[in-house]
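So that the names make sense, note that chain A is the first sequence line, chain B the second, and so on, each numbered from 1.
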Amino acid sequence: MRWNLLMYKEYKQLNLSQTGKDVLEFWKQNDIFEKSISSRPATNPYTFYEGPPSANGMPGIHHVMARAIKDIFCRYKTIKGYQVKRKGGWDTHGLPIELAVEKALGITKDDIGKKISVKDYNDACRKEVMRYTDIWNDLTEKMGYWVDLENPYITYKNEYIESLWWILKEFHTKGLLYKGYTVQPYSPKSGTGLSSHELNQPGTYKMVKDTSITAQFKVKRDKDSEFLFENITSDLFILAWTTTPWTLPANCALAVGEKIDYVKISTFNPYTFLPVTVVLAKDLVGKHFKAEGENASFADYKGGDKIIPWEVKGTYKGSEFLGLHYYQLMPYVINEDLEKNAFRVIPADFVTTEDGTGIVHTASVFGSDDFRACKENNVPSVMVKDEFGKDVPLVNKQGRFVDEVTDFAGRYVKEEYYSKEEREAEGFKATDVLISIKLKTENKAFDVKKYEHSYPHSWRSDEPILYYPLDSWFIRTTAVKDKMVALNKTINWKPESTGTGRFGNWLENLVDWNLSRSRYWGTPLPIWREENGGEELCIGSIADLNNEIEKSIKAGLMPESFKLDDLHRPYVDDVILVSSTGTPMYREPDLIDVWFDSGAMPYAQWHFPFENKEAFKNAYPADFIAEGVDQTRGWFFTLHAIAVMLSETSDEVKAINAEVGNGGVAFKNVISNGLVLDKNGNKMSKRLGNGVDPFETIEKFGADAPRWYMISNAAPWDNLKFNADGIDEVRRKFFGTLYNTYTFFVMYANIDKFTYSEAEIAITGRPEIDQWIISLLNTLSKEVDAFYADFEPTKAARAIQDFVDAHLSNWYVRLSRRRFWRSDNSDDKLSAYQTLYTCLTTVAKLMSPIAPFFAERLYTDLNSITKKEAFESVHLAYFPEYHADLVNAGLEERMQMAQDISSLVLSLRKKVGINVRQPLSKILLPILDKKFKGQIEQVKDLILSETNIKGIEYITDTAGFIKKKIKPNFKALGVKVGKDMKIVAEAIGNLSQDDIAKLEDNGDLLLPTQHLINLTDVEIIAEDVPGWQVANLGKLTVALDVTITDELKQEGLSREFINRVQNLRKEKGFEVTDKINVRVKCDETLWEAINNNLSYICAEILADTIVLDNELTEGEPVEIDGNEILIAISKI
RNA sequence: GGAAAUAUAGCUCAAUUGGUUAGAGCAGCACCCUUAUACGGUGUCGGUUAAAGGUUCAAGUCCUUUUAUUUCCA
């Protein structure tokens, strides 16, 4: 490596991995991240919220993706001049952590408090939760994600919890926090609920044989149901099937599918032999009726006959039944509310016609679907009052019927809950069987049989679980539903569909937020209650709590020495408060949903409102957040819900919202990014072993290439199929090209000692090609700015990549190379340096949000020599300004023409087999319109040098030389002729060369179809020049003169010779500035060619002399035009 | 079962928002260029735009139904 302080750094090769490490060190040594914040005015904040990761698992490559997106916009806003503080955070509570600890300690949930104290358990959780912190921090650093890791918020800290309590208290005060129940899997034996995680344990579901009943629900005859009684004489029943007959006393509704077809059938009850008419799903008739009985004689039927006659009396849609009332099947419990609002038909989306009758018996308290359906339709539950006057279900917590169910009082509802002896005793019958017998005799059962199905069992006791209503604390989110929906519409979602669809629909169907979790490691619910549930106190701060504790101590309920240092369980459970009447109040034992922890981070990260009110105000709400789409109902929801509710309940938040002009949202812009799949589109998982290790990837490619690959390949919200080959492609194509461009620049800049110390040459005074690339560069800056601002990083990356590859490297540098070689220090050369320098530094800035390392290296390598800007880092610089006056559309257009024409000429050369080193005399260009010639003349030199052609001739069609083609412009014509398009298009296609000429002369033409068309309705191109080699692209047509004169031939040979000498120079390792002498042994034809172009050749190869030496023996043998020659070169 | 996303060349993506011969890159093949040594150029190979139906003068694009993959919820 040649390197001194005054020279630009040159590298042997592109090594992004090493670059990453070097730049990281540079950032660390110079506190660049801190400076990127401190150098921006605090009065111009841009707020980003970091969704806290949980550090109890290893990070994967998808974390690199998600965090790259966050990083991009933070860096972008920084170089746009905003102060972007980003506080890191850790999500530290929750089930995954508890499970990991249970696994590590070899215990189950049941052992907590027994084999291990809650204290020891929680200490283990506290340790576990930060287990991978170092690895996460390492990744954060290596991937270049700038976030404040020094002062993160941690959700288990007392201050954090205190903020959560404050929020809960605000909600509680306004009646938005209440105790209700949900139906959950419950094990009567162990007396606990089972989490969905526990239900997903292997072996939970087992095949069992249960008694199933198809029950007859008698329809009340009234004006709503009258239509159903048409043409029948018997009583009318709805058939509903259940595998849990014990839930029938609690029946409160029947659910139908609105789109399902149902039939009404007259027949006889098989147990009572009474005539009945029943309703069931059309598709299930075959399961309940024998084909032989259809339309059999009703008169001939005798009770007990095997074949029971039946007849279809009508067909209905489920929707027609909605609102029908029926008589309560087992009327043990009844009250006014039930009388009025229960025992009716409701719609439900879970009804199918796979089993049963297509009508579902619904007992709201014993099924979660049932519960939801009843709630949605405002059907009250069948409940009884307990000793405290509280509503409880018909089955108690031991799994026995309550006294009100007189016939079965005290009986276990499930056979399995009885002991083995009891079940084997003489005359024992399961409760389900007893219920069946009762219903049969009462003409309420249509069918009873054993049914085998899969049913969940408790992994603890191995007995079937019950779905059972359990106490839970809820946040009344439904109270602010409309506001949440309205405010969601003010949020900018990327992509939009997640906001309107997934999130919007979720809000439309909002239910109250179940906050309760029966665990140990989490934020405790700060609610204390009297034992009978009478008085209730919600604590909103540590001070409040201490106050209450003091009262309690005075009342003698707690020891004087008591002091609470940790708000977690078990300590907080030792707190017993005193009610206004002097009775003890105990804490509600639940923890709260961890999602509340993270959703409250805007407030709790600052310990608001206890501290940092200013900091909070300056960072509320977030301008931008980004997480995976799986957070839609997670973090995105909880942030939104808490923010909207606080905007309604909290005076402090209201005041701040008013001050900062916030309508009540927690975030204004949100990207929900997609998943990272493996290269075959499969989900990455530990089991399949197809995960990609982010550390290995970064070690191999550095962080920039993977970041650029992930961002440029697919929009963030599309799933990404991660393929390491794609990273390599990005490295070669984009970074490789940019690196080459830099290398090219510094190679000559170092030779010429270009340090941008000369005065700036006015852009308008620079050559056409410089003005062109500067024009494109400005257009690019504007586009990229708009893309970033619109949260479209993919479009930004693609635009930058296209500029670097197609325009900067393969056109600008390619055509400007000779300007850098010239040994004089003309303005032209200076222009070239200044222009390329500007392009490189500008590109560095534009790409810096996505590829922060390489951009840094590129920028600082250049800027540290020129000192053009005072910034020590590209991330401290500012986004390139857009100069509209430097954008020249006409210039861009004619340069595009030059590129197209060159490409056409090269393709013609290829077609006729004349390579580019052989000069040709001219090309012919048909003139398209008035400005065409002027445009081409300005870029003529570029075309000629690129294609090695001597001249351009323009031709017009006056000689009838050119054959033209005419095409309809459908877009323009469509508006004009509409339905006649077909005939018009055909007529235009049939126009003769003369007609076309007339149209061109007059500006319009009347078609045979009587439509008047003008020049804007069609596109006319010169298609062919008969007798010439011709190529077309769009409107452009190029004809090539393929005649090779002797003079051209000699020139061609000279260029071949130059090429061979240059190859030799390179082989011998000469510097590009070394001068040489050349001796050559060749035939006369070649020598004549060399001699005739001697000065040109010498200049090209930096030779002082070229001599013919037919005695030459050393030298290198090379081949030119089929002849072997010898060339010997030597440095002077 | 509900909601959402996606489906275009072997692979990764475009297609000016409805305008007529659906384009790039990669991979493959052939040739070429280069004092930027692997970036590039020219050509070649590759498509019933997931399927079916509809609206329209005109559909990859709009509508309906279906299929596949994925996610979230139940």
Side-chain angles (χ1 to χ4, degrees), chain A residues 13-14 196 257 348-352 354 368-369 372 495 497-498 500-506 508-509 628-634 672 674-675 677 679-683 709 712-715 717-721 723 725-726 728-730 732-734 736-748 794 798 801-802 804-806 809-811 813-814 817-818 820-821 902-911 913 915-917 946 948 967-975 977-985 1031 1058-1059 1061-1066 1070-1074 1100-1102:
Chain A
Q13 58 178 356
L14 174 64
S196 59
D349 55 22
F350 53 80
V351 178
T352 68
E354 268 163 40
S368 50
D369 279 342
R372 189 168 49 86
S497 61
T498 301
T500 55
R502 194 179 274 220
F503 197 67
N505 290 337
W506 163 252
E508 293 289 348
N509 299 309
V629 68
D630 52 328
Q631 294 295 343
T632 309
R633 281 142 156 113
S672 76
L675 275 82
L677 307 169
K679 63 177 177 181
N680 298 317
N682 298 314
K683 205 175 161 174
Y709 162 71
S712 67
N713 192 53
W717 34 90
D718 288 334
N719 287 348
L720 174 74
K721 290 184 192 169
N723 188 347
D725 295 345
D728 201 45
E729 188 184 322
V730 160
R732 288 203 326 267
K733 242 185 108 52
F734 176 64
T737 305
L738 192 53
Y739 161 81
N740 273 341
T741 308
Y742 168 81
T743 307
F744 174 85
F745 172 83
V746 299
M747 180 174 169
Y748 291 102
T794 306
R798 287 177 183 173
Q801 192 168 307
D802 188 55
V804 168
D805 188 45
S809 170
N810 284 304
W811 192 254
V813 174
R814 192 176 147 83
R817 271 177 305 191
R818 304 181 69 87
F820 292 87
W821 306 340
S902 300
S903 152
L904 288 172
V905 173
L906 293 175
S907 88
L908 284 170
R909 278 182 168 277
K910 161 85 186 169
K911 210 192 286 177
N915 69 17
V916 183
R917 274 197 289 267
E946 176 67 6
N948 200 13
K967 263 169 56 178
N969 178 349
F970 287 97
K971 200 166 189 175
L973 277 171
V975 201
V977 305
K979 284 186 194 294
D980 296 333
M981 181 64 90
K982 261 184 192 150
I983 53 166
V984 171
I1058 291 167
N1059 170 255
V1061 174
Q1062 302 289 28
N1063 289 346
L1064 281 181
R1065 284 182 64 114
K1066 182 140 235 174
F1070 290 6
E1071 295 293 332
V1072 293
T1073 44
D1074 290 338
E1100 286 292 309
I1101 63 176
L1102 292 185

Watson-Crick or G-U stems involving RNA chain B, each at least 3 pairs long, distances under 3.5 Å, ordered by first number
B:1-7 with B:67-73, B:10-13 with B:23-26, B:28-32 with B:40-44, B:50-54 with B:62-66
Give the rounded distance in Å between these two atoms: OH of A:Tyr709 and C1' of B:C13.
11 Å
Respond yes when some side-chain nitrogen or oxygen of A:Tyr742 is under 4.0 Å from OP1 or OP2 of B:A36, and no when none is.
no
Atom-pair distance (CD on A:Glu508; P on B:G2), nearest Å
18 Å
Pairwise 5' ranking along RNA chain B for A:Lys721 and A:Lys733, keeping only the more 5' one
A:Lys721
Polar side-chain atom of A:Tyr709 near backbone of A:Asp728 as donor-acceptor pair, under 3.5 Å:
no
Between B:C11 and B:G28, how far apart are the two P atoms, rounded to whole Å?
16 Å
Between the protein and nucleotides 5-9 of chain B, which nitrogen or oxygen pairs are less than 3.5 angstrom apart?
none

Whole-Å P distance, B:A15 and B:U56:
28 Å
Under 30°, 30 to 60°, or over 60°: which ring-plane class applies to A:Phe744 and A:Phe820, parallel, tilted or perpendicular?
perpendicular
To the nearest 0.5 Å, what is the distance between CG on A:Leu675 and CG on A:Leu720?
10.0 Å
Distance test, side-chain N/O of A:Arg798 to OP1/OP2 of B:A14, below 4.0 Å:
yes
Atom-pair distance (CD on A:Gln801; C1' on B:U12), nearest Å:
12 Å
In this structure, OG1 of A:Thr500 is separated from CG of A:Asn505 (nearest 0.5 Å) by 7.5 Å
Starting at atom CG of A:Asp805, determine the distance to atom P of B:C39, rounded to an integer number of angstrom.
11 Å
Which part of the nucleic acid does A:Asn505 contact within heavy-atom distance under 4.0 Å: base, sugar-phosphate only, or nothing?
sugar-phosphate
With respect to the phosphate group of B:C33, does any side-chain polar atom (N or O) of A:Arg817 fall under 4.0 Å of OP1 or OP2?
no
Taking atom C1' in both B:A30 and B:U71, what distance in whole Å separates the two?
46 Å
With syn defined as a glycosidic angle within 90 degrees of 0 and anti as anything else, the base of B:U17 is syn
Atom CD of A:Gln13 and atom P of B:A36: how far apart are they, to the nearest Å?
18 Å
B:G25 versus B:A14 - spacing of their C1' atoms, nearest Å:
10 Å
Can you list the residues that meet the ring pair (Phe, Tyr, Trp, His ring centres under 6.0 Å) rule with A:Tyr739, with sequence neighbours excluded?
none
Give me the distance, rounded to whole Å, that separates B:U66 from B:C29 when you measure between the P atoms they each carry.
46 Å
Whole angstrom is fine here: how far is it from CH2 in A:Trp811 over to P in B:A36?
17 Å
Taking B:U42 as the reference, what is the distance to B:A24 when you measure between their P atoms (whole Å, please)?
10 Å
Which residues share a side-chain contact (heavy atoms from CB on, under 4.5 Å) with A:Asp718, sequence neighbours left out:
A:Ala714, A:Ala715
Working to the nearest 0.5 Å, report the span between OG1 of A:Thr741 and CZ of A:Arg814.
13.0 Å
When rounded to whole Å, the CG to P distance for the pair A:Asp725 and B:G10 reads 18 Å
Starting at the 5' end of RNA chain B and moving along, which residue's nearest nucleotide shows up first, A:Thr794 or A:Asn810?
A:Thr794
Is A:Val984 touching bases, backbone alone, or none of the nucleic acid, heavy atoms closer than 4.0 Å?
nothing
In this structure, how many angstroms lie between the P atom of B:U42 and the CG atom of A:Asn948, rounded?
17 Å
P atoms of B:U20 and B:G60, separation to the nearest Å:
10 Å
Output one letter per nucleotide in nucleotides 59-74 of chain B: B when a protein non-hydrogen atom lies under 4.0 Å from the base, S when only the sugar-phosphate is that close, - when neither is.
-----------SBSSS
Closest non-hydrogen atom pair between A:Ser672 and A:Trp717, with its separation:
O-CB, 3.5 Å
What's the closest nucleotide to the side chain of A:Ala714 if the choices are B:C39, B:C13, B:A36?
B:C13
Report which part of the nucleic acid A:Arg814 touches: base, sugar-phosphate, or nothing (heavy-atom distance under 4.0 Å, all strands).
base
Under 4.0 Å, heavy atoms only, any strand: does A:Asn1059 hit a base, just the sugar-phosphate, or nothing?
sugar-phosphate
Quick check against the 3.5 Å criterion: does A:Asn719 have a side-chain atom that pairs as donor or acceptor with the backbone of A:Gly674?
no
Any chance you could measure A:Leu738, atom CG, to A:Gln801, atom CD, to the nearest 0.5 Å?
10.5 Å
Might you point out which heavy atoms bring A:Ser712 and A:Arg798 nearest each other, and give the distance in Å?
O-NE, 2.9 Å
When the C1' atoms of B:A4 and B:G18 are compared, how many Å lie between them, rounded to an integer?
26 Å
Enter the distance from A:Glu508:CD to A:Phe503:CZ here, rounded to the nearest 0.5 Å.
11.5 Å
For A:Thr737 and A:Lys733, indicate whether the former's side chain and the latter's backbone hold a donor-acceptor pair under 3.5 Å.
yes
Please list, pair by pair, any protein nitrogen or oxygen found under 3.5 Å from a nitrogen or oxygen in nucleotides 15-18 of chain B.
none

Heavy-atom donor-acceptor pair, A:Arg732 side chain to A:Glu729 backbone, under 3.5 Å:
no
Is the shortest heavy-atom distance from the side chain of A:Phe734 to the side chain of A:Asp805 under 4.5 Å?
no
